Asker: 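One structure follows; several queries about it will come next.
Letters A, B, ... are given to chains in the order of the sequence lines, protein chains preceding strands, and every chain is numbered from 1. Owing to the predicted nature of the structure, the values given are computational and were not obtained by experimental measurement.
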Protein chains: 2
Amino acid sequence: MNADQLIRHAHGRVTPARTRVLTTLLDAERALTHLEVAERLAPAVALDRVTLYRTLDWLVEQALAHRVAGEDRTWRFNASPGGAPAHHAHFNCTRCGQIFCIEALTPALALQLPPDFHAQQIELSIKGLCAGCNPA
Amino acid sequence: MNADQLIRHAHGRVTPARTRVLTTLLDAERALTHLEVAERLAPAVALDRVTLYRTLDWLVEQALAHRVAGEDRTWRFNASPGGAPAHHAHFNCTRCGQIFCIEALTPALALQLPPDFHAQQIELSIKGLCAGCNPA
DNA sequence: CGTCGATACGCAACACGGTTGCGAAATAGG
DNA sequence: CCTATTTCGCAACCGTGTTGCGTATCGACG
């Protein structure tokens with residue numbers, strides 16, 4: 001299923017902005033910041049900053065992408081063609097700041113929360129060095 | 001060990017700003033934003049915004065406090081009198097945004113990372129409703 | 001294929017958290 | 001008390017993200 005089909009399936013208008021942004025996210029091997037998205041489609045299309053934000057928000061709203069809050073206080077976006085998995089793990093590189101989604105990780109946790117605390121979602125964040133930054 | 005002693009122990013000058021900020025963090029039951037710290041010591045001392053940021057940074061540098069990145073992209077600070085524990089869990093309230101540190105939680109994880117990825121620190125983030133926001 | 005209403009886009013301005021530079025004030029040691 | 005060094009406060013700045021509004025575009029229908 002390509003970008004246009006996904007957009008149409010979400011009952012949204014197919015516009016160059018949406019097509020290009022979603023395609024970029026689908027092609028990305030990791031979560032991208034708005035700036036990285038802009039850079040990746042810069043030569044072909046020059047999107048307005050606001051349009052890009054709104055497009056990304058729309059994709060998240062339609063569950064075609066999901067948002068990750070990084071350590072540097074910038075949102076990163078990731079395509080989620082099959083819908084977002086409930087328990088998600090992220091690898092956070094402490095050197096370059098890139099965020100990778102780690103699939104196939106089931107944290108079997110025995111949680112004891114303080115009384116009257118109610119857990120909805122569990123997110124596991126692993127900090128370390130990614131392949132590109134690993135000196136070994 | 002009180003605030004002044006901790007500061008002196010870190011070979012830093014004992015100033016009203018540091019004393020009050022560290023005392024505030026030590027008294028806090030959860031991680032505080034810079035704004036919350038400012039509000040808590042507002043009636044007594046009115047610190048400059050920059051001074052507060054620098055003081056908090058200094059405390060983090062001296063390992064007297066640690067920083068948590070919340071979902072709203074603002075730093076929250078927590079006193080860590082005994083040094084920062086390596087594996088730390090945070091409870092993140094999805095309604096009021098408050099962050100609580102959960103101690104005594106050892107995530108026994110069988111991690112399989114992609115090749116050449118090197119994990120340094122594992123952070124577990126639990127999202128849900130805190131006691132104050134829990135309708136039950 | 002042309003028209004029209006709903007929607008998306010682009011521009012400008014704004015909001016907010018956080019940072020930097022620099023001169024003035026306060027600290028700690030002699 | 002005096003002085004060197006550190007810290008404070010002010011002002012200005014930066015980047016991410018948001019809002020309002022007029023204009024352009026999509027796509028449905030005739």
Side-chain angles (χ1 to χ4, degrees), chain A residues 3-24 31-42 44-62 64-77 97-99, chain B residues 3-24 31-42 44-62 64-77 97-99:
Chain A
D4 283 9
Q5 291 173 313
L6 286 166
I7 294 168
R8 231 177 283 272
H9 193 260
H11 305 295
R13 282 196 188 173
V14 179
T15 66
R18 287 181 179 172
T19 304
R20 304 299 302 249
V21 171
L22 184 50
T23 303
T24 303
L32 300 179
T33 64
H34 70 109
L35 199 66
E36 290 170 331
V37 174
E39 282 167 359
R40 295 204 177 192
L41 43 77
V45 207
L47 278 190
D48 190 74
R49 217 159 49 92
V50 177
T51 301
L52 179 51
Y53 279 118
R54 284 202 267 240
T55 303
L56 289 168
D57 284 349
W58 183 83
L59 290 174
V60 170
E61 215 172 87
Q62 306 301 321
L64 292 174
H66 69 275
R67 221 193 300 251
V68 191
E71 203 70 6
D72 55 356
R73 302 180 309 289
T74 63
W75 294 119
R76 282 153 206 272
F77 297 86
Q98 291 186 14
I99 296 180
Chain B
D4 283 8
Q5 291 173 313
L6 286 165
I7 292 168
R8 230 178 283 272
H9 192 260
H11 306 294
R13 284 196 186 172
V14 178
T15 66
R18 288 180 181 172
T19 304
R20 304 299 302 249
V21 170
L22 184 51
T23 303
T24 303
L32 301 179
T33 64
H34 69 109
L35 199 67
E36 290 170 330
V37 174
E39 282 168 357
R40 294 204 177 193
L41 43 77
V45 206
L47 278 190
D48 189 75
R49 214 160 52 95
V50 177
T51 301
L52 180 50
Y53 278 119
R54 283 202 269 238
T55 303
L56 290 167
D57 284 349
W58 184 84
L59 290 173
V60 170
E61 216 171 88
Q62 305 301 321
L64 292 173
H66 69 274
R67 222 194 296 251
V68 192
E71 202 70 8
D72 54 359
R73 302 180 308 291
T74 64
W75 295 120
R76 282 152 206 273
F77 297 87
Q98 290 185 16
I99 295 180

Asker: Calculate the interatomic distance between B:Leu52 atom CG and D:dT7 atom C1'; express it in whole Å.
Answerer: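 To the nearest whole Å, that distance equals 14 Å.
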
Asker: When the distance from NE2 of A:His11 to C1' of D:dC26 is rounded to whole Å, what number comes out?
Answerer: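 My rounded result for the distance is 17 Å.
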
Asker: Quick one, B:Arg67 and B:Arg76 - any side-chain contact, counting heavy atoms below 4.5 Å?
Answerer: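 Answer no - side chains too far apart.
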
Asker: From the 5' end of DNA chain C to its 3' end, which nucleotides mark the outer limits of contact with chain B, defined by a 4.0 Å heavy-atom distance cut-off (strictly under)?
Answerer: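 Under 4.0 Å from chain B, the extent on DNA chain C is C:dG17 to C:dA28.
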
Asker: Let me spell it out: for each of B:Val14 and B:Thr74, pick the nucleotide of DNA chain C with the closest heavy atom. Which residue's pick is nearer the 5' end?
Answerer: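 Counting from the 5' end, the first nearest nucleotide belongs to B:Thr74.
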
Asker: So which atom in B:Leu52 and which in B:His34 form the shortest heavy-atom distance, rounded to 0.1 Å?
Answerer: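 Nearest pair, atom of B:Leu52 first, then B:His34: CD2-O, 3.2 Å.
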
Asker: Salt-bridged, B:Arg73 to A:Asp72, with N to O below 4.0 Å?
Answerer: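 No salt bridge links B:Arg73 with A:Asp72.
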
Asker: Atom NE2 of A:His34 to atom P of D:dT18: distance rounded to whole Å?
Answerer: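 After rounding, the reported distance stands at 10 Å.
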
Asker: Dump the intermediate steps for side chain to side chain contact (heavy atoms under 4.5 Å, CB included) on B:Phe77 and B:Leu56, then the final yes or no.
Answerer: CA-CA 8 Å; B:Phe77 297 87; B:Leu56 290 167; 3.6 Å; yes

Asker: Between D:dA12 atom P and B:Arg49 atom CZ, what is the distance in whole Å?
Answerer: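 To the nearest whole Å, that distance equals 13 Å.
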
Asker: B:Arg18 near the nucleic acid: base, sugar-phosphate alone, or nothing, with a heavy-atom cut-off under 4.0 Å?
Answerer: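 Contact class for B:Arg18: sugar-phosphate only.
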
Asker: What is the distance, rounded to the nearest whole Å, between atom CG of A:Leu35 and atom P of D:dG17?
Answerer: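 In whole Å, D:dG17 P and A:Leu35 CG are 10 Å from each other.
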
Asker: Could you check whether any side-chain N or O of B:Arg18 sits under 3.5 Å from a backbone N or O of B:Arg13, counting only pairs where one atom can act as donor and the other as acceptor?
Answerer: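 Yes: the side chain of B:Arg18 pairs with the backbone of B:Arg13.
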
Asker: Would you mind reading off the distance between B:Asp72 atom CG and D:dT18 atom P, rounded to a whole angstrom?
Answerer: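 Spelled out: CG on B:Asp72 to P on D:dT18 is 12 Å.
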
Asker: Using the closest heavy atom to pick a nucleotide of DNA chain D for each, name whichever of B:Thr15 or B:Val50 lands nearer the 5' end.
Answerer: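 Nearest nucleotide further toward 5': that of B:Thr15.
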
Asker: Assign B:Thr51 to base, sugar-phosphate, or nothing according to its heavy-atom contacts below 4.0 angstrom with the strands shown.
Answerer: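 Base, at least one base heavy atom under 4.0 Å.
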
Asker: Mark yes or no for whether A:Gln62, through its side chain, and A:Leu59, through its backbone, hold a donor-acceptor pair below 3.5 Å.
Answerer: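 Judged by distance alone, no pair lies under 3.5 Å.
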
Asker: Tell me what A:Arg54 touches on the nucleic acid: a base, only sugar-phosphate, or nothing, going by heavy atoms under 4.0 Å.
Answerer: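 Counting heavy atoms under 4.0 Å across all strands, the contact made by A:Arg54 includes a base.
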
Asker: Starting at OH of A:Tyr53 and ending at P of D:dG15, how long is that distance when rounded to a whole Å?
Answerer: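 In whole Å, D:dG15 P lies 12 Å from A:Tyr53 OH.
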
Asker: Using a 4.0 Å heavy-atom cut-off, does B:Arg73 contact any base of the nucleic acid, only the sugar-phosphate backbone, or nothing at all?
Answerer: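 Sugar-phosphate, no base atom in range.
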
Asker: Between A:Thr51 and A:Leu47 (side chain of the first, backbone of the second, donor and acceptor by atom type, cut-off under 3.5 Å), is there such a pair?
Answerer: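 No, A:Thr51 side chain to A:Leu47 backbone: no donor-acceptor pair under 3.5 Å.
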
Asker: Expressed in angstrom and rounded to an integer, what is the separation of A:Arg13 atom CZ from D:dA28 atom C1'?
Answerer: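 Whole-Å distance recorded here is 10 Å.
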
